[in-house]
Number of protein chains: 2
Amino acid sequence: MYRTHTCGELRISDVDKSVTLSGWVQRVRNLGGMTFIDLRDRYGITQLVVNSEAEDTLSQEVRNLGREYVVQVTGKVAERSSKNAKIPTGEVEVITDGIKILNSADLPPFTIEDETDGGEELRMKYRYLDLRRNPARRALELRHKMALEVRKYMSDEGFIEVETPVLMKSTPEGARDFVVPSRMNPGQFYALPQSPQVFKQLLMVAGYDRYFQIVKCFRDEDLRADRQPEFTQIDCEMSFVDQEDVLNTFEGMTKHLFKTLRNVEIKEEFPRMPFADAMKYYGTDKPDIRFDMKFVDITETASGRGFKVFDDAEYIGGICAKGCAGYSRKDLDKLTDFVKRPQVGAKGLVYVKYNDDGSFKTSVDKFFSEEDFKAWADEFGARPGDLILILAGEKKRTLTALCELRLEMGNRLGLRDKNKFSPLWVVDFPLLEWDDETERYYAMHHPFTSPKDEDLELLDANPAEVRANAYDLVINGVEIGGGSIRIHNDVLQQKMFKVLGFTEQEAENQFGFLMNAFKYGAPPHGGVAFGFDRWVSLFAGVESIREVIAFPKNNSGRDVMNDAPSSISKAQLEELMLDLKGEAVKKATPQ
Amino acid sequence: MYRTHTCGELRISDVDKSVTLSGWVQRVRNLGGMTFIDLRDRYGITQLVVNSEAEDTLSQEVRNLGREYVVQVTGKVAERSSKNAKIPTGEVEVITDGIKILNSADLPPFTIEDETDGGEELRMKYRYLDLRRNPARRALELRHKMALEVRKYMSDEGFIEVETPVLMKSTPEGARDFVVPSRMNPGQFYALPQSPQVFKQLLMVAGYDRYFQIVKCFRDEDLRADRQPEFTQIDCEMSFVDQEDVLNTFEGMTKHLFKTLRNVEIKEEFPRMPFADAMKYYGTDKPDIRFDMKFVDITETASGRGFKVFDDAEYIGGICAKGCAGYSRKDLDKLTDFVKRPQVGAKGLVYVKYNDDGSFKTSVDKFFSEEDFKAWADEFGARPGDLILILAGEKKRTLTALCELRLEMGNRLGLRDKNKFSPLWVVDFPLLEWDDETERYYAMHHPFTSPKDEDLELLDANPAEVRANAYDLVINGVEIGGGSIRIHNDVLQQKMFKVLGFTEQEAENQFGFLMNAFKYGAPPHGGVAFGFDRWVSLFAGVESIREVIAFPKNNSGRDVMNDAPSSISKAQLEELMLDLKGEAVKKATPQ
């Protein structure tokens, strides 16, 4: 037997017990003729003590120990003279009478501590060592617990988890598929699922009523900081429901997760914000409502006064930063630089300081009067001591820039506490988006999303105005998930395809299979999918989803730990009846 | 709101309630001026009653109904005059006052009944309809519940579920990989995991101590009846354990699953049978021990008596079928035909009837005496009324044939009740298998499996004799899972590679990455993986794993429902820098 206890288990009540422990050597210290060893495993750290002055085998063995050696020790539990209140085992130590080295260890390339000296590239290359660190372990433990709680809640609510295929059919719509050549069907390919959308709708046709799955999905997109080629989704679908039923069900799940994983009890209903309001007041479809600071539109009152920047602008609007009237020239220059960054995209920043004495100090004194500023202050709800920040320009772009500025001010004012959570449903999304380049409408969610009944008559005359039964769950400005009520009526679905510019043949080719299934009695249904990685990282309080994925890939889609992807053998290519061409030949390293 | 209750919910206590139900029309019957409709959903069936003689809208609507129509009905719950004790809702019916057709349905291509008229090919093509049938639904519900119980048990035992990558590195050892071309890394490929073996061992190096995962795995093998290109595994690994710890842990899990899913309480320890005994007494490494009928080896006593078949045989052995002495000539001919089938592979069958009167009737009277038969009867433990069946020939082949014959006799004698379960650990597997063709040893489990300490010294002199710390869980003759204690000692691992005929360079190329990780402090560890699909099918009492997979593939690896795999566009191939060649060009249908 390798151990009687784990390294996180011994307490003062265990004093005098003979124990066997196994684990990794975290630290060795020599002090007054004694050697103190911190022995670590997943469960904690226990201090071992060895009399290093005795010239016996034991003390010799101890001298051989290095960091991260794997050892098995026997000894007796004793009360510590100097206790460590920071760890649960801190009241005891093990007076060691035997040490067996189970495995030696090379010196790790970075320190295995909460705050390590290893950069991300190095940590990812030696991810198996990085994972020994407490923050990494805690993130994966949280992930495990969250998956469990999702499954528990969903099962208790009558949902059944059904595994859908990973090797499925490639569909040209949507993002780029990863494909898998089929050896048994040469020239043909499977695709990895971008989501189990079609299968979950088929399960509704099959009468499964309430389906969910925690499932890997795949998108061959160029990767940004917070994207991974494979990611995990909480995928759900329900029958005989309208939007209200879906929102209530998943609001329940969300509250359950808050309670069990973050010990946050949310009693009140999540606010619901129409997409139009989200854009108007926050410039985004995923507002961070931990703080207010809504946009105020002053296009009408501020235009036509001879200030060219405003007069030429499609939109003039701003935010009121409470208590920031004291901002220095330097502070304001920094904010101006911020909004001018390409990622933010504004041309400049107008400020109005509402001084404590009731006077105004602004960057547009030439064009506007004290009375104008007083009127603006009223519109913004500003009080003496506040700072109004205004952007102007093309509407969409300015709203986006203002959104960034608002978040920046939220950060500066400490209004974005990562231990405060403000969930929100954004609802009433537009059904369609117009694309100038291809000159057609695209489904904002997907082609099966149902329009709102009351907007149905707009579908011919003014498709852009039609709102969908679509919704997103947003927490702290992060889009956690989204979904829609699907179209289950054949006539409406055909019309939708027409609006999207599909010919009957195209619709048949791309969606005929699902439409055919719908002919055999499709129930009304709808669902939602949540980004599991993102949700875990939100709860873990970490910036990147890479921190909550055991073995993530880098921005080139590579696993730097085991150097995947890699070239395959000629024999493998032969079997698949594939040839590499162009660049690919050169880049495939010789076998 | 689409419904106040499900179709499985109403009881006698609900009488007089006004309810709304939604579901599928299972059956419509007209009887004495009334129409009776069975309304079905996932939860059950509720009987609706409509007065079909009233010439109102309702009765007109009822006349429009067809099988599998989706409807919403309102009405009042009433006690039934003729109750149906077979279903939980059988005491009530709903006197219907409104019916709304939510969706019509084409006539399904087969009946949606427990016993359907649809063949497997048709059922799989319309799998979304097949899944409406109770047996299919119950199988997937069982699967869901089993996954939940595995997760519950494992979590309670301190295991954490960690998701490992689906896009990983291709390794040449083992079965054939499915590969995924990388667009961002042209000429390079990911592989889909055959198992998360490497990752789970890395998690042990990372100190995760107890890992599990219910995970999709992939093998590009030619498919047999009960194989799927993608399948699900319960994958587990533990640190600081020996074989005994692993067997105890998973015996606990197995008992938990028996209890929660099949209501079978197993108190006693699972028997443990050395591989050598399994081969000797049952001719297989996965014996069905629901019944005894062990092989008896009579090579020594039956050889050298002038019966050429026996005299030329490497092995002569048989089984005793209790109470079968009455078998007719025809019965015995059938058995002879059975053993001569190519799948069984024997050349003929020798029988010895031990008649009720104590005399013997045999097919080898010419060569053996009554005394010989009496001696055999003693060896077989046969009594008057029993039938001894004997095969002879090349040893391995004969043992295999005898195994098939034993199972066949088990079937004939009703000894293989699918509601009886006999779990068994097969242990002490050989470490290595010699392959005549390539003239080298192969690891029977995998190259990281540890040899038994006591057999270590045989590794040079007689590798074939070395037993491994490897084990299989077998239930009712089905291999449910297996695993091993891994080598964690560098020197032993190098030696193992040598025995397997790897040069140092080959070992480095193929396993260097994992070996390198092992240098940083690898704990002793071991694990197991269970075939989840097969286990579910065992508990569900169905023959094929296809019955417990929502959307399975056929024997050509095709999803006949949505016709995957399929050709992809030229543009997709261009992006991946791939060319099709040979047959593949022809078989890819034109875009």
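Chain letters run A, B, ... following the sequence lines, proteins first, then strands; residues in each count from 1.
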What part of A/Ala522 gets closer than 4.5 Å to chain B, counting heavy atoms only: side chain, backbone, both or neither? both

Below 4.5 Å from any heavy atom of chain A, which atoms of B/Tyr69 appear? Answer side chain, backbone, both or neither. neither

Given A/Val179, A/Asp242, A/Leu580, A/Leu129, the one with more heavy-atom pairs under 4.5 angstrom with chain B than any other is A/Val179

Go through the atoms of A/Arg133 and report whether side chain, backbone, both or neither lie under 4.5 Å from a heavy atom of chain B. neither

Considering only heavy atoms, which portion of B/Asp245 lies under 4.5 Å from any heavy atom of chain A: side chain, backbone, both, or neither? neither

Heavy-atom contact with chain A under 4.5 Å, split by part of B/Arg3: side chain

Does any heavy atom of chain A fall under 4.5 Å from the side chain of B/Phe231, the backbone, both, or neither of them? neither

For chain B, the option from A/Arg42, A/Met204, A/Gln572 that forms the most heavy-atom pairs under 4.5 Å: A/Arg42

Option in A/Arg40, A/Lys152, A/Arg558 with maximal non-hydrogen atom pairs under 4.5 Å from chain B: A/Arg558

For A/Asn185, which atoms come within 4.5 Å of any heavy atom of chain B: side chain, backbone, both, or neither? side chain

Side chain, backbone, both or neither: which part of B/Lys553 has a heavy atom under 4.5 Å from chain A? side chain

For B/Glu575, is it the side chain, the backbone, both, or neither that has a heavy atom closer than 4.5 Å to a heavy atom of chain A? side chain

Heavy-atom pairs under 4.5 Å with chain B, option from A/Lys519, A/Glu230, A/Glu161 with the top count: A/Glu230

Of the backbone (N, CA, C, O) and the side chain (C-beta and beyond), which part of B/Ser239 lies under 4.5 Å from a heavy atom of chain A, both, or neither? backbone

Please look at B/Leu140 and chain A and tell me whether the side chain, the backbone, both or neither of the residue comes under 4.5 angstrom of a heavy atom of that chain. both

Side chain, backbone, both or neither: which part of B/Leu107 has a heavy atom under 4.5 Å from chain A? backbone

At a 4.5 Å cut-off on heavy atoms, which part of B/Lys581 comes close to chain A: side chain, backbone, both, or neither? both

Check whether B/Asn516 gets within reach of chain A through its side chain, its backbone, both or neither, counting any heavy atom under 4.5 Å. both

Is it the side chain or the backbone of B/Arg137 that comes within 4.5 Å of chain A heavy atoms, both, or neither? both

Relative to the ring of B/Tyr520, is the ring of A/Tyr126 parallel (under 30°), tilted (30 to 60°) or perpendicular (over 60°)? perpendicular

Determine the interplanar angle of the A/Phe551 and B/Phe199 rings, folded into 0 to 90°, and report it as parallel if under 30°, tilted if 30 to 60°, perpendicular if over 60°. tilted

What part of A/Tyr211 is in contact with chain B, defined as an atom under 4.5 angstrom from a non-hydrogen atom: side chain, backbone, both or neither? neither

Bottom line for A/Asp563: the part with an atom under 4.5 Å from chain B's heavy atoms is both

Choice from A/Gly66, A/Pro181, A/Gly582, A/Gly512 maximising heavy atom contacts with chain B below 4.5 Å: A/Pro181

Chain B contact via A/Val241 - which portion, at a heavy-atom distance below 4.5 Å: backbone

Pair count under 4.5 Å, heavy atoms only, with chain B: among A/Gly557, A/Ser566, A/Pro229, highest is A/Ser566

Relative to chain B, which segment of A/Ser22 carries a heavy atom at a distance below 4.5 Å: side chain, backbone, both, or neither? both

Applying a strict 4.5 Å limit to non-hydrogen atoms, the region of A/Arg151 in contact with chain B is both

